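Down below is the structure, laid out as structure tokens.
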Amino acid sequence: MKSNMRPESLMMTHGYKPELSEGAVKPPIFQTSTFVFKTAEEGKAFFEVAYGLREKAKNEELGLIYSRINNPNLEILEDRLCLWDKADKCAVFESGMSAISTVLLEFLKPGDVLLYSLPTYGGTDHFINHFLKDIGIHSIGFRPDQTKEEVIELLIESGYSDKLAMIYIETPANPTNELIDIAMCREIADRFGTQDKKVYLACDNTYMGPIWSSPLDHGSDLVIYSATKYIGGHSDLIAGAVLGNEEVMQRVRVLRTFLGNMASPHTCWLLLRSLETLKVRMEQQARNAQKIAQFLENHPMVSKLHYLGCLDRDSRSYEIYKRQYSAPGAMIAFEIKGGEAGAFSFLNKLNLIKLAVSLGSTESLVQHPATMTHTGLCPELKQKIGITEGLVRLSVGVEHFEDLINDISMALEASQQERQTKCFAVELN
Ligand SMILES: *Cc1c(COP(=O)(O)O)cnc(C)c1O
């Protein structure tokens, strides 16, 4: 069904018919494992399509079978998520990691090569470099600052370029907001694809989607989310989503049916609640982030700021930013003077902002990448990508920006005082 209305106008109603649920304005939680067929013929027809034995007929209305395959809460949620990314189809998973691992398992077979961007989410990195490696899938990482020619050279020099099956990217990169050019990755995928073997491009859009960026518009075949983050947005659930065209999503959905890693009716119901406020939440978070970045920009305790709203206008990053994103997002990383001690005293002093990993939620969260989310990275890579001892990552929430800035300001001052006191003590000795 085509509609001229914007996604935010449809998040309360799309895909749900109240008359099928006693007139309830909101979809009830369909807490059931299985569904009654009207006739045996109907059951047969539903299974034929679900198992891919035949295509759905043009005007055929498919009913429900079993909650591992489909469930009203899951289907309404998937229909609504499709609107933001203008995707044909969506599959929702019980976690972002299950969405990611299902995609990688479906599109990569032993002997294949995966090209992926560095750094990538820790769980994704582990899956690529342990599980996939052990089953004979070779991976090659590239950095956001590498040009198209350099990445192509990297592939050719590896001697595996004819085995390339998928490019997997995460942009902006966590935690320093480095950008990857999606269109460039599409060109690389097409350069190594053949008529018999397409090279697929998948993009983890957790940081910027679905409001500020739609990777499908820039040539990605698949877009992946940890719905635990902005989409869920309340730090009260774990979920993931994958979107794309009919062809790729049929494959992803069939594998999900057999891995059985779909989201539960209750999780889907919570996500439906979350989608109604997705846009207002994310816009408020972005507004707050801008105010905080302006405050941090010239603060004497801050030696470096990673925020997409203050990129150098002449840089390649800025050009990519303008093309791929409609706002600078709500993730900020900044370096506090005084290394780990400086960062820790700042983190320990915060009141309103909570010290926790995860991101994209209504409450602001802060963490220390070098010893928390990115602790597993080798020191050379940490150094190279700017994960210094003093770096903290802030996910900005929906609180009043002045309260957030007051909290940050107080903690930075306390950190500065602690630092000066220490210096003084050294001098006395
Ligand atoms: C959190 C996160 C994931 C993993 O998602 P889970 O829901 O925790 O399984 C993947 N990618 C990115 C960018 C994330 O932030």
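Just so you know, ligand 1 is whichever comes first in the structure, and atom 1 is the first atom listed for that ligand. Numbering of residues begins at 1 and proceeds along the displayed sequence. Please read all numbers here as calculations on a predicted model, not as lab measurements.
Of the possible polar contacts, none joining the His306 side chain to the Lys304 backbone as a donor-acceptor pair under 3.5 Å is found.
Between Cys203 and Leu216, every side-chain heavy-atom pair lies at or beyond the 4.5 Å cut-off.
Every side chain to side chain contact (heavy atoms under 4.5 Å, CB included) that Met208 has, sequence neighbours left out, goes to Pro172, Asn205, Trp212, Ser213, Leu308, Tyr325. For Lys89, the side chain to side chain contact (heavy atoms under 4.5 Å, CB included) criterion is met by Glu246, Met249, Arg253, not counting sequence neighbours.
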Below 3.5 Å, can you tabulate the donor-acceptor pairs from side chains in residues 132-140 to any protein atom, sequence neighbours excluded?
none

List, for ligand 1, each N/O atom that has a protein N/O partner under 3.5 Å away, with both atom names and the distance.
unit_1, atom_1, unit_2, atom_2, d
ligand 1, 5 (O), Ser226, OG, 3.0
ligand 1, 7 (O), Gly96, N, 2.9
ligand 1, 7 (O), Ser226, OG, 2.9
ligand 1, 7 (O), Thr228, OG1, 2.6
ligand 1, 9 (O), Gly96, N, 3.0
ligand 1, 9 (O), Met97, N, 2.8
ligand 1, 11 (N), Asp204, OD2, 2.7
ligand 1, 15 (O), Lys229, NZ, 2.7

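Aromatic ring centres of Tyr51 and Phe258: separated by under 6.0 Å.
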